[in-house]
Colleague: 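Can you keep this structure in mind? I'll have questions shortly.
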Protein chains: 2
Amino acid sequence: MLDGRDKKIIDYLQRDAAVPVADLADTVGLSVSACWRRIKNLEDSGLIARRVVLVDRRKANVAMTVFVAVRTSRHSIGWLDTFREVIGAIPEIVEAYRLTGEMDYLLRLVVPSVEVYDTVYKELISKLDFMDVSSFISMEELKFTTAVPMNYI
Amino acid sequence: MLDGRDKKIIDYLQRDAAVPVADLADTVGLSVSACWRRIKNLEDSGLIARRVVLVDRRKANVAMTVFVAVRTSRHSIGWLDTFREVIGAIPEIVEAYRLTGEMDYLLRLVVPSVEVYDTVYKELISKLDFMDVSSFISMEELKFTTAVPMNYI
DNA sequence: TCTGAAAGCCGAGCTCA
DNA sequence: TGAGCTCGGCTTTCAGA
């Protein structure tokens, strides 16, 4: 269903989607039309979900990353729905996961400074009750990629 | 330096970079040429770093997210360099941060299953010494966006 | 069925008023 | 800065493997 060339195409486009089809065709060893058709198929199938631009976080003045681990005492669907709504509306929260283990939820925030983080923190706790909130400030981003491995398909 | 329209343009492109310039110009209330020039400037300035495709994780068979918090006893530059190298070479590790507080590093992994996670885990501990490794499996992704807030620029 | 060549056409990229 | 032209490159068509 998906051969090595398809994987190569996705691998490439996950890193750079601004490349002309002709160049990409060249690197994977296909003609322009064949390569274009494969890209089209990958988009139609939904494997390639969308195209976006990635912003330089430093230049956008949100260089600081903070992880927030929260625990709640309210384990209900209603609480979760509200939580989802609240974090969805806060643009500084870029990732949120419900976890196994001692911490219930893990959030990743991008902010300009500790001061702004504190504002977001206050906004968060003003809207929802938490049993425990722990913050971890990132000193260094060692790796960040939007490219997922193509070995498992 | 950067007005409301520029921010609108980036906000839009962070969600969908496949939109034709003419459509985008329309939504932000600009002529095509003006809009195109602004996009060009944003790219040249580096604020828009690059364009990528985002892959549907379920369809790519890497639906499972695992967080790995690690502590090390080796606090040296050499160790950090090796660590960086090792995590850079493992495609399942999509994010890695050096943190303040009790956990030294936090990794985010995307894998098909617990079995595969175990393989990656073994690969990791075979290459580096850790004092402590804790895994947190994500039950649900509540939010994930590559779009950063444009309020701070 | 998937390929590559080649034509057609749309829109990005540039010129000018 | 906005209108309009130009042309590169996306998209389609068609024949062959």
Side-chain angles (χ1 to χ4, degrees), chain A residues 1-61 145-153, chain B residues 1-62 145-148 150-153:
Chain A
M1 194 74 190
L2 206 72
D3 68 1
R5 278 175 172 158
D6 288 309
K7 292 181 191 175
K8 259 192 174 178
I9 288 171
I10 298 186
D11 259 334
Y12 202 103
L13 290 177
Q14 281 195 115
R15 265 119 197 140
D16 177 18
V19 65
V21 180
D23 293 8
L24 186 53
D26 221 42
T27 52
V28 298
L30 276 169
S31 71
V32 177
S33 6
C35 184
W36 180 84
R37 265 191 302 266
R38 279 167 186 258
I39 296 171
K40 184 83 166 45
N41 287 338
L42 293 168
E43 279 168 345
D44 291 346
S45 73
L47 184 55
I48 291 180
R50 57 209 180 97
R51 288 163 182 266
V52 297
V53 302
L54 298 183
V55 164
D56 185 311
R57 267 178 41 212
R58 294 189 181 211
K59 288 179 176 156
N61 192 28
T145 178
T146 54
V148 302
M150 279 294 128
N151 319 321
Y152 302 110
I153 197 171
Chain B
M1 194 74 191
L2 207 72
D3 68 1
R5 278 173 172 157
D6 287 310
K7 292 180 190 175
K8 259 193 174 178
I9 289 172
I10 298 186
D11 260 333
Y12 201 103
L13 290 177
Q14 281 195 114
R15 266 122 197 134
D16 177 18
V19 66
V21 179
D23 293 8
L24 185 54
D26 221 41
T27 52
V28 298
L30 277 169
S31 71
V32 178
S33 359
C35 185
W36 180 81
R37 265 192 298 265
R38 278 167 187 257
I39 296 171
K40 184 82 166 48
N41 287 338
L42 293 167
E43 279 169 344
D44 291 346
S45 73
L47 184 55
I48 291 179
R50 56 207 180 98
R51 290 162 183 265
V52 297
V53 302
L54 298 183
V55 164
D56 185 311
R57 266 177 41 210
R58 292 187 184 215
K59 288 178 177 157
N61 192 29
V62 284
T145 177
T146 55
V148 302
M150 279 294 125
N151 319 321
Y152 302 111
I153 195 171

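Note that this is a predicted model, so its numbers are computed, not measured.
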Colleague: What is the distance from CD of A:E43 to P of D:dC10, rounded to the nearest Å?
Modeller: 12 Å
Colleague: Among C:dG4, C:dA12, D:dC10, which is the nearest nucleotide to the side chain of A:V21?
Modeller: D:dC10
Colleague: Below 4.5 Å, heavy atoms only, C-beta onward: do A:D16 and B:V52 meet side chain to side chain?
Modeller: no
Colleague: Give the nucleotide from the list C:dT3, C:dA5, C:dA12 with an atom nearest to the side chain of A:S33.
Modeller: C:dA5
Colleague: Nearest whole angstrom, please: distance from the C1' of C:dC2 to the CZ of A:R5.
Modeller: 11 Å
Colleague: Would you mind reporting whether B:R38 and B:D3 have side-chain heavy atoms less than 4.5 Å apart?
Modeller: yes
Colleague: For A:L42 and C:dC2, what is the distance between atoms CG and P respectively, to the nearest whole Å?
Modeller: 13 Å
Colleague: Measure the CG-OG distance between B:L2 and B:S45 for me, rounded to the nearest 0.5 Å.
Modeller: 7.5 Å
Colleague: Please report the distance, rounded to the nearest Å, between CG in A:D44 and P in D:dT12.
Modeller: 10 Å
Colleague: Does the side chain of B:W36 get closer than 4.0 angstrom to OP1 or OP2 of C:dA12 through an N or O atom?
Modeller: no
Colleague: Classify the nucleic acid contact of B:L30 as base, sugar-phosphate or nothing, counting any heavy atom under 4.0 Å across all strands shown.
Modeller: nothing
Colleague: For A:R38 and C:dT1, give me the distance from atom CZ to atom P, rounded to whole Å.
Modeller: 15 Å
Colleague: Using whole Å, report how far CG of B:D26 lies from P of C:dA12.
Modeller: 13 Å
Colleague: For the side chain of B:R37, starting at C-beta, report the closest nucleotide among D:dG2, C:dC2, D:dC10.
Modeller: D:dG2
Colleague: Would you call A:L24 and A:I39 a side-chain contact if the rule is heavy atoms closer than 4.5 Å?
Modeller: yes
Colleague: What is the distance, rounded to the nearest whole Å, between atom NZ of A:K40 and atom P of C:dT1?
Modeller: 18 Å
Colleague: Rounded to the nearest angstrom, tell me the gap between atom CG in B:N41 and atom P in C:dG13.
Modeller: 13 Å
